[in-house]
Amino acid sequence: MNRRNFIEKSSLGTAVVLTSPVTSKAQDIFKAQKKESPNIPIVIATWDVPNASSAAWDILRNSGDSLEAVEKGVKVEEADVNNQSVGKGGRPDRDGNVTLDACIMDKDGNCGAVVFLQNILHPISVARKVMEETPHVMLAGKGAEQFAYEKGFEKTNLLTEKSKQEWLEWKKKSEYKPIINIENHDTIGMLALDENGDIAGACTTSGMAYKMGGRVGDSPIIGAGLFVDNEVGGATATGVGEEVVRTVGSFLIVELMRQGKSPQEACEEGVRRIIAKNKNKLDFQIGFIAINKKGETGAFCIQPGFSFRTFSREGHINTPSKSYI
């Protein structure tokens with residue numbers, strides 16, 4: 001037996017010995033929490049996306065797993081040409097190219113991402129393929145596109161006539177300034193907690209309208225736009241991605257929950273960290289949502305106007321987020 005195989009088999013055996021009692025105890029704790037909470041299973045998503053959250057809930061209410069739920073949910077927005085901040089119909093960069101970013105993360109900490117992906121309708125599904133069928137976490141640009149074709153994804157024109165005409169109008173002045181709560185929508189981030197107590201998350205976007213070619217924000221960056229730790233909870237972000245990257249926002253929120261903060265408290269602290277780095281300059285929007293193992297949720301943002309969707313046995317609800325301003 002070679003050294004690598006020995007280490008792998010030894011590590012696997014040790015993992016079984018060490019984690020089985022812990023896993024059993026964790027499941028017992030979760031079962032007790034589930035009896036006390038009507039919010040398990042539950043899905044939470046950034047912005048008012050009833051069709052997306054309904055698609056995810058259809059998976060969860062039929063005892064499906066959280067990873068399937070978040071992928072199916074955000075795919076709804078990727079395919080909606082009326083949503084000009086995600087997927088097909090997304091606003092292009094300043095060169096007229098629609099470029100997509102997405103990431104996904106499962107209960108075991110596995111993750112996959114694509115950045116600067118063109119001509120593919122569902123970047124979230126390509127990200128999942130990266131996670132499950134490659135040794136990598138992230139693929140970019142032409143490499144990501146070629147990988148998608150190899151996995152059977154079809155080439156699709158993502159620039160709709162509406163987005164094209166708006167881009168041509170923008171080019172007359174070529175003024176660039178991120179718009180707060182553009183159409184009351186932006187990146188879609190989604191988190192789900194299933195009946196087994198497992199959390200997964202997904203995040204997908206076409207990025208800032210008329211951005212510089214090649215610009216990538218927080219959405220496909222694990223730890224910034226999305227982070228999941230199945231022992232604790234998950235978080236995802238929306239808004240000006242550069243500011244979320246600077247604080248590794250989603251990871252920060254999950255770690256704050258690990259330290260005992262509620263999802264709401266953690267989201268509020270996450271926003272405060274960003275505000276502290278932008279004194280006297282809050283002309284942008286950041287919004288966080290989070291969920292913990294109890295099915296408790298939280299949300300907080302800088303500017304009024306951000307909302308989030310939840311779907312559980314308690315109902316299908318869109319809630320305006322609390323804001324700093």
Do you know the tightest heavy-atom contact between [X] and [Y]?
X	Y	result
F300	S323	CZ-C, 3.6 Å
A224	A237	O-CB, 4.2 Å
A299	Q264	O-NE2, 2.9 Å
G225	V244	N-CG1, 4.5 Å
A127	A102	CB-O, 4.0 Å
A209	R91	CB-CD, 3.4 Å

What I want to check is whether the side chains of [X] and [Y] have a donor and an acceptor closer together than 3.5 Å.
X	Y	result
Q259	E255	no
N230	D108	no
E161	Q165	yes

Check side-chain hydrogen bond (donor to acceptor under 3.5 Å, both in side chains) between [X] and all other residues, then give those that pass, not counting sequence neighbours.
X	answer
T297	none
D65	none
K279	none

Q: If a pair satisfies salt bridge (charged side-chain N to carboxylate O under 4.0 Å, His left out) and one of its residues is in residues 300-310, list it, with sequence neighbours excluded.
A: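 Checked against salt bridge (charged side-chain N to carboxylate O under 4.0 Å, His left out) - neighbours excluded - the pairs reaching residues 300-310 are D48-R309.
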
Q: Scan for salt bridge (charged side-chain N to carboxylate O under 4.0 Å, His left out) pairs involving residues 148-157, sequence neighbours excluded, and state none if there are none.
A: E133-K151

Using a 4.5 Å cut-off on heavy atoms from C-beta on, say whether the side chain of [Y] contacts that of [X].
X	Y	answer
M257	K293	no
E231	R258	yes
E296	N39	no
P50	N318	no
K162	V81	no
T46	T187	no
I221	M138	yes
M190	V76	no

Are the side chain of [X] and the backbone N or O of [Y] linked by a donor-acceptor pair below 3.5 Å?
X	Y	result
R313	I40	yes
Q285	I302	yes
K88	T160	no
S312	P41	no
S321	S307	no
T205	V86	no
S163	G89	yes
D194	N196	yes

If two hydrophobic side chains count as joined below 4.5 Å and joins carry through other members, does [X] share a cluster with [Y]?
X	Y	answer
I59	I188	no
Y210	M212	no
V240	L226	yes
I325	I275	yes
V245	V271	no

Q: Carefully, step by step, assess E68 and K72 under the rule salt bridge (charged side-chain N to carboxylate O under 4.0 Å, His left out).
A: CA-CA 6 Å; E68 291 291 335; K72 183 176 180 180; over 6 Å; no

Q: Apply the test salt bridge (charged side-chain N to carboxylate O under 4.0 Å, His left out) to residues R246 and E242: give CA-CA distance (whole Å), side-chain angles for both, the deciding distance (0.1 Å), then the verdict.
A: CA-CA 6 Å; R246 291 174 69 195; E242 285 79 358; over 6 Å; no

Enumerate the residue pairs fulfilling ring-ring contact (aromatic ring centres under 6.0 Å, His included) with a member in [range], sequence neighbours excluded, ordered by first and then second residue.
range	answer
residues 65-119	none
residues 226-246	F227-F251
residues 50-73	W57-F311

Can you list the other members of the hydrophobic cluster that holds [X], where links are side-chain heavy atoms under 4.5 angstrom apart?
X	answer
L158	V98, L100, L159
L256	L252
V114	L117, I120, V126, V130, L139, F147, Y149, F153

Q. When the ring centroid of W47 is compared with that of F306, is the distance short of 6.0 Å?
A. yes

Could you tell me the separation between the [atom1] atom of [X] and the [atom2] atom of [Y], rounded to the nearest 0.5 Å?
X	Y	atom1	atom2	answer
N110	E132	CG	CD	8.5 Å
T247	I274	OG1	CD1	4.0 Å
C267	R272	SG	CZ	11.0 Å
I289	T310	CD1	OG1	10.0 Å
I222	M105	CD1	CE	5.5 Å
L121	K75	CG	NZ	8.0 Å

Q: With salt bridge (charged side-chain N to carboxylate O under 4.0 Å, His left out) as the test, would you mind laying out the steps for E243 and K277 before giving the verdict?
A: CA-CA 9 Å; E243 300 301 332; K277 292 183 179 294; over 6 Å; no

Q | Qualifying side-chain hydrogen bond (donor to acceptor under 3.5 Å, both in side chains) pairs with a residue from residues 93-104, counting only residues at least two apart or across chains | A |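 Listed by first then second residue: T99-K211.
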
Q.
Using side-chain contact (heavy atoms from CB on, under 4.5 Å), reason through T204 and E77 one step at a time and then give a plain yes or no.
A. CA-CA 9 Å; T204 183; E77 296 304 311; 5.8 Å; no

